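These notes concern the structure reproduced below.
Keep in mind that what you see is a predicted model, and the values were worked out from it rather than measured. Below, chain A is the first sequence line, B the second, and so on; all start at residue 1.
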Protein chains: 2
Amino acid sequence: MKSGYKYSKHHVAVDCIIFGYEKNALKLLLTRRVFEPEKGKWSLVGGWLRENETVEEAAARVLLQFTGLKDIYLDQVHVFSDPERDFGGRVLSIAFYAMIRIDQHDKKLVEKHGAKWWNYNRIPDLIFDHSEMLESAHEKLKLKASYELIGERLLPSRFTMLQLRKLYEAIFQYSFDPGNFRKKVLSLRVLKKLNIKNTTESKRGAYYFSFKKKSEFPLSDRIVKLHNKTSHS
Amino acid sequence: MKSGYKYSKHHVAVDCIIFGYEKNALKLLLTRRVFEPEKGKWSLVGGWLRENETVEEAAARVLLQFTGLKDIYLDQVHVFSDPERDFGGRVLSIAFYAMIRIDQHDKKLVEKHGAKWWNYNRIPDLIFDHSEMLESAHEKLKLKASYELIGERLLPSRFTMLQLRKLYEAIFQYSFDPGNFRKKVLSLRVLKKLNIKNTTESKRGAYYFSFKKKSEFPLSDRIVKLHNKTSHS
DNA sequence: ACAAAAGTGTTTCGGCTACACCCATGC
DNA sequence: GCATGGGTGTAGCCGAAACACTTTTGT
């Protein structure tokens, strides 16, 4: 592509921290690096940025290639740009984190690329600064999860309150009070209770929930409090 | 610099959203673009990434060049990478926001570069996607200011509670209750009251405050609550 | 006298926490 | 019967919000 600029150019990569959730455990998709340097070592899933795409498109392309999934949730984490970070030369890397539903992805693609899902609390050593990227991504995930109820992109389409809570406990490494967690989550009015019970995880059986679609949100939820609010002068 | 990689390379720029604060108003440093395309139009302060520096170093270099200041607070905002975003060719831009004390910077440098401080609510049209960058930076600034007391890097070394509150009101575009704001801020225990009064902004006079240095934080502040806390199993 | 900011006190409200308690059921 | 998760209720605490009120001083 043409460019009128005459300054130095740089290799740019995207690296994806791909979170998944299965069997009450937070997971991460890692791959063995297929070229030198550090060939064969465990690495985040990444790829090179091409001429005519945004970094988001590059990350989505990499995700598609490794999981067969489109329209995956992606969010920029940070740019890592230490000139020495990649032993093979100066490479900027833009880290993204993604959330995918493990039950939906293409396992054969994962195998084909020599990738593997790892339990989040047993991650092997990673190349370069990938551990640092992972940590930043985890922080960002926690921030997001503290602002809004996540799970729609990690859990199966229906799930019990226990499964949702275990997801949060895995993300925050913290035990939440079951009753309080339930009340808080339900107060957000983003879930709907299904008339189906899961009986595999408890004797009594627990109702399944799913995330409401946009069209299912009632229009009449309270918009403003009924008393005065200080407004800007 | 040597590189073993054989993939396409990209122009990479940094653009800085430089916040300042003066006369009870939030300000932004903008410059006139000095080369084509869009020469002469208002733009964020930016520069090209060089071979042997991080993007943070590039941003700091640009800041030094425009303000004469070192050790400025800088934080990554977002990467903007639409192939069409820069009319002159494919350029990735990494946006940073910075906070500087207007009273400390070198005004001659600003003039020399044809830059100018703008009142935040009267920003002119900006080139490319710079308005979008600005908006993202503002969001990020608000997030930071909601988590911790900022002002140390924007206000003079001593300031009144009124000045601090006006800063927050400028950032959030919202009027805060003076009494409640004061109590909240003081409860954070990060400010110290000086024995000097400012009498220019009120008849009665208001004590100056300054941010505590690290060494001034008491070691004996309560660390944990004295009752049990649910811990992770 | 009055306006305007400084600074303190008080009441109310809502959300979070801890925890008690009953339910349903498989073992 | 008992252990386990499901699910509901409630008392206490704490911080935010609203707002009253006193102080000080320049005009």
Please determine if B:Glu139 and B:Lys142 form a salt bridge, counting it only when a charged side-chain N lies under 4.0 Å from a carboxylate O.
-> yes
From [atom1] of [X] over to [atom2] of [N], roughly how many Å is that when rounded to an integer?
X: A:Leu162; N: D:dT4; atom1: CG; atom2: P; result: 14 Å
X: A:Tyr207; N: D:dG5; atom1: OH; atom2: C1'; result: 15 Å
X: B:Phe181; N: C:dT8; atom1: CZ; atom2: P; result: 15 Å
X: B:Leu191; N: C:dG7; atom1: CG; atom2: P; result: 13 Å
X: B:Phe159; N: C:dA6; atom1: CZ; atom2: C1'; result: 16 Å
X: B:Asn180; N: C:dT10; atom1: CG; atom2: P; result: 15 Å
X: B:Met161; N: C:dG7; atom1: CE; atom2: C1'; result: 10 Å
X: B:Leu164; N: C:dA5; atom1: CG; atom2: C1'; result: 16 Å

Please name all residues satisfying salt bridge (Lys or Arg N to Asp or Glu O under 4.0 Å) with B:Arg33, sequence neighbours left out, ordered by chain then number.
->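 B:Arg33 satisfies salt bridge (Lys or Arg N to Asp or Glu O under 4.0 Å) with no residue once adjacent residues are dropped.
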Sorted by chain and residue number, the salt bridge (Lys or Arg N to Asp or Glu O under 4.0 Å) partners of B:Glu216 (sequence neighbours excluded) come out as B:Lys192
Please say whether more than 12 non-hydrogen atoms of neighbouring residues, nucleotides or ligands are located less than 6.0 Å from NZ in B:Lys212.
-> yes
Polar pair under 3.5 Å, donor/acceptor by atom type, side chain A:Lys183, base D:dG9 | yes
Heavy-atom donor-acceptor pair, B:Asp177 side-chain to D:dA16 base, under 3.5 Å |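 Under the 3.5 Å cut-off, the side chain and the base do not form any donor-acceptor pair.
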Using a cut-off of strictly less than 4.0 Å between a heavy atom of the residue and any atom of DNA chain D, enumerate the qualifying residues of residues 195-206 of chain B by number.
-> B:Lys203, B:Arg204
Applying ring pair (Phe, Tyr, Trp, His ring centres under 6.0 Å), name anything that partners A:Tyr73, two or more places apart in sequence or on another chain.
->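 Checked A:Tyr73 against ring pair (Phe, Tyr, Trp, His ring centres under 6.0 Å); matches are A:Tyr97.
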For A:Tyr168, what residues pass the ring pair (Phe, Tyr, Trp, His ring centres under 6.0 Å) criterion, not counting sequence neighbours?
-> A:Phe172, A:Phe181
Contacts of B:Glu57 that satisfy side-chain contact (heavy atoms from CB on, under 4.5 Å) - sequence neighbours left out |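 Result, side-chain contact (heavy atoms from CB on, under 4.5 Å) vs B:Glu57: B:Glu53, B:Thr54.
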Contact under 4.0 Å: A:Arg182 side-chain N or O vs D:dT8 OP1/OP2 = yes
